[in-house]
Amino acid sequence: MAGFTIATWNVNSIRVRLSQVLDWLKTNQPDILALQETKVIDESFPWQDFQNIGYQAYYAGQKTYNGVAFLSKNPLGKIAADLPNLQDPQRRILGAIYKDIYLLNLYVPNGERVGSEKYFYKLSWLSRIKDYLEQSLYQYPKLIILGDFNIAPTNDDVYNPVRWDEKILCSTPEREKLKEIIGLGFYDSFRLFIQEQNSFSWWDYRQNSFMHNRGLRIDLILISKALISYCNSCRIDRAPRSSDRPSDHTPIVCSFN
DNA sequence: ATGGTAGTAGCACTA
C-alpha cells in the first residue's frame with residue numbers, strides 16, 4: 001500500500017472559508033480532506049475551485065445547516081450520503097471508497113443540551129451509526145471514520161473537566177455511545193502517538209477561548225485494527241485557527257505508510 | 001447561573 005495522508009476539518013461554512021481551505025490544501029497536500037458544516041446546497045458547492053488545484057470534490061449539502069464533503073486527489077468510489085438504517089434528511093454523512101479502504105465522514109449532531117430533544121436525536125443517531133459500522137466492518141475491515149464527533153472522548157480532551165462535567169459534548173451517555181463504536185474494533189489515531197497535553201481541535205468563538213487554549217478535542221480520526229500497522233502519525237494543525245475569520249475548528253491530519 | 005461570538009439570513013436558530 002503506497003503512503004497517503006487523510007485529514008478532517010469542520011470549516012463552518014465553505015463559502016466563508018474557501019480561500020483558507022484552498023491555501024491549506026496547497027500547503028499541506030493531503031490525499032483526502034473531509035469537511036463538515038459546509039452549509040451549502042450541492043448546486044452552490046465550489047467544486048471548480050478545488051478542481052483547479054487538483055482535488056475532486058464530493059459533497060452532500062443542504063441550506064444553512066450541516067453539509068459534508070470529501071476533497072480528494074484521486075477519484076473516490078461508491079459515494080453515499082445516507083445509511084440504509086438512518087434515512088436522515090440532515091446531510092451529516094458521506095461514505096466513500098479509497099483503494100481498499102472505506103471512509104466515513106461524519107458530522108455528529110451537536111445535541112444542544114443534555115436532556116434536550118436534539119440530545120436524544122444525537123444518541124439515537126450514534127446508535128444507528130454503530131449498528132451500521134458493525135455490519136460494515138465485515139465487508140471493509142479497513143475502515144476510517146473521521147469528522148466532527150461533537151464528543152470529547154475523555155477528560156484529557158477537555159480544558160476544564162470540572163466545568164464541563166456532564167455537559168453537552170462530555171456527558172457520560174455520549175461518551176458511552178462513542179465507546180461502543182470504538183469497541184467494535186477502532187482506535188483513536190491521535191492517541192496512538194505521544195501528544196502534548198491540552199491538545200484540542202475546537203475552541204468556542206467567545207471569550208477569546210483560543211488565545212487561552214480553552215478548547216475540547218471533538219474532531220477525531222478513528223481507524224480499524226487492520227489499519228493500525230500502517231498509521232505512522234496523527235497531529236492537530238492549530239495554524240488555521242489563528243487565521244483572520246477562522247473556523248472554530250482546526251484540521252486533524254493522519255498519515256499512513 | 002448567565003451570556004459571550006459566528007454563520008445564515010435578513011429573524012431566530014444552531015452551534
Side-chain angles (χ1 to χ4, degrees), chain A residues 8-24 33-46 49 59-69 81 86 88-94 105-126 129 146-153 157-171 173-175 177-178 200-220 236 238-252:
Chain A
T8 181
W9 190 5
N10 178 324
V11 289
N12 186 17
S13 167
I14 190 59
R15 282 184 287 208
V16 173
R17 238 61 71 186
L18 179 59
S19 64
Q20 288 181 39
V21 176
L22 290 168
D23 287 347
W24 192 82
L33 173 60
L35 302 177
Q36 302 84 36
E37 282 205 270
T38 54
K39 297 186 173 181
V40 284
I41 56 172
D42 293 347
E43 291 71 22
S44 306
F45 193 93
D49 295 281
Y59 37 85
Q62 65 182 85
K63 201 161 92 85
T64 310
Y65 302 117
N66 310 314
V68 282
L86 195 64
D88 186 357
Q90 301 191 21
R91 302 292 74 178
R92 297 178 173 279
I93 288 177
L94 202 57
N105 177 3
L106 297 186
Y107 175 45
V108 175
N110 170 282
E112 191 197 12
R113 177 173 40 81
V114 173
S116 69
E117 195 177 319
K118 292 191 177 72
Y119 182 72
F120 294 112
Y121 163 64
K122 179 180 195 173
L123 294 180
S124 80
W125 195 93
L126 288 164
I129 295 291
L146 74 173
D148 178 359
F149 281 71
N150 268 317
I151 301 170
D157 305 303
V158 180
Y159 74 93
N160 183 347
V162 172
R163 190 193 160 119
W164 283 84
D165 183 52
E166 295 303 330
K167 298 291 190 299
I168 197 65
L169 314 183
C170 298
S171 73
E174 297 168 73
R175 285 178 168 171
K177 291 286 180 200
L178 179 61
F200 307 124
S201 67
W202 168 82
W203 300 260
D204 198 293
Y205 281 121
R206 296 165 283 198
Q207 316 277 73
N208 284 313
S209 300
F210 181 62
M211 192 180 78
H212 299 109
N213 197 28
R214 295 196 279 247
L216 274 63
R217 191 175 69 91
I218 57 177
D219 299 271
L220 309 176
I236 294 173
R238 290 168 54 100
R241 190 61 178 79
S242 307
S243 316
D244 287 338
R245 281 192 93 185
S247 167
D248 45 351
H249 297 250
T250 211
I252 318 300

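Letters A, B, ... are given to chains in the order of the sequence lines, protein chains preceding strands, and every chain is numbered from 1. The model shown is predicted, which means the values in this text are computed figures rather than measured ones.
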Pairwise C1' distance, B:dA1 and B:dA12 [rounded to whole Å]: 23 Å
Please identify each residue that fulfils ring-ring contact (aromatic ring centres under 6.0 Å, His included) with A:Y107, with sequence neighbours left out. none
ring-ring contact (aromatic ring centres under 6.0 Å, His included) with A:Y119: which residues, sequence neighbours excluded? none
Quick one: label A:R17 by what it contacts on the DNA or RNA (base, sugar-phosphate, nothing), any heavy atom closer than 4.0 Å. sugar-phosphate
With nearest nucleotide decided by heavy atoms, which residue, A:N110 or A:T64, maps closer to the 5′ end of DNA chain B? A:T64
Nearest-angstrom distance, C1' atom, B:dA6 to B:dC11: 16 Å
Do other residues, nucleotides or ligands put more than 12 heavy atoms under 6.0 Å from the CD atom of A:E166? yes
With heavy-atom distances below 4.5 Å as the criterion, would you say the side chains of A:L106 and A:Q36 are in contact? no
Need one value for A:R92: base, sugar-phosphate or nothing, where a base atom within 4.0 Å counts as base even if backbone is also close, heavy atoms only. sugar-phosphate
Would you mind classifying the nucleic acid contact of A:F210 as base, sugar-phosphate or nothing, using non-hydrogen atoms under 4.0 angstrom? nothing
Name the orientation class of the two ring planes belonging to A:W202 and A:H249 (parallel below 30°, tilted from 30 to 60°, perpendicular beyond 60°). tilted
Could you say whether A:S13 or A:R206 is positioned toward the 5' end of DNA chain B, judged by the nucleotide with the nearest heavy atom to each? A:R206
Outermost contacting nts on DNA chain B, any atom under 4.0 Å from chain A heavy atoms, listed 5' then 3', are B:dG3 to B:dA15
Could you work out the separation of B:dA9 and B:dT14 based on their P atoms and round it to a whole Å? 14 Å
Side chains of A:N66 and A:R91: do they bring a donor and an acceptor to under 3.5 Å? no
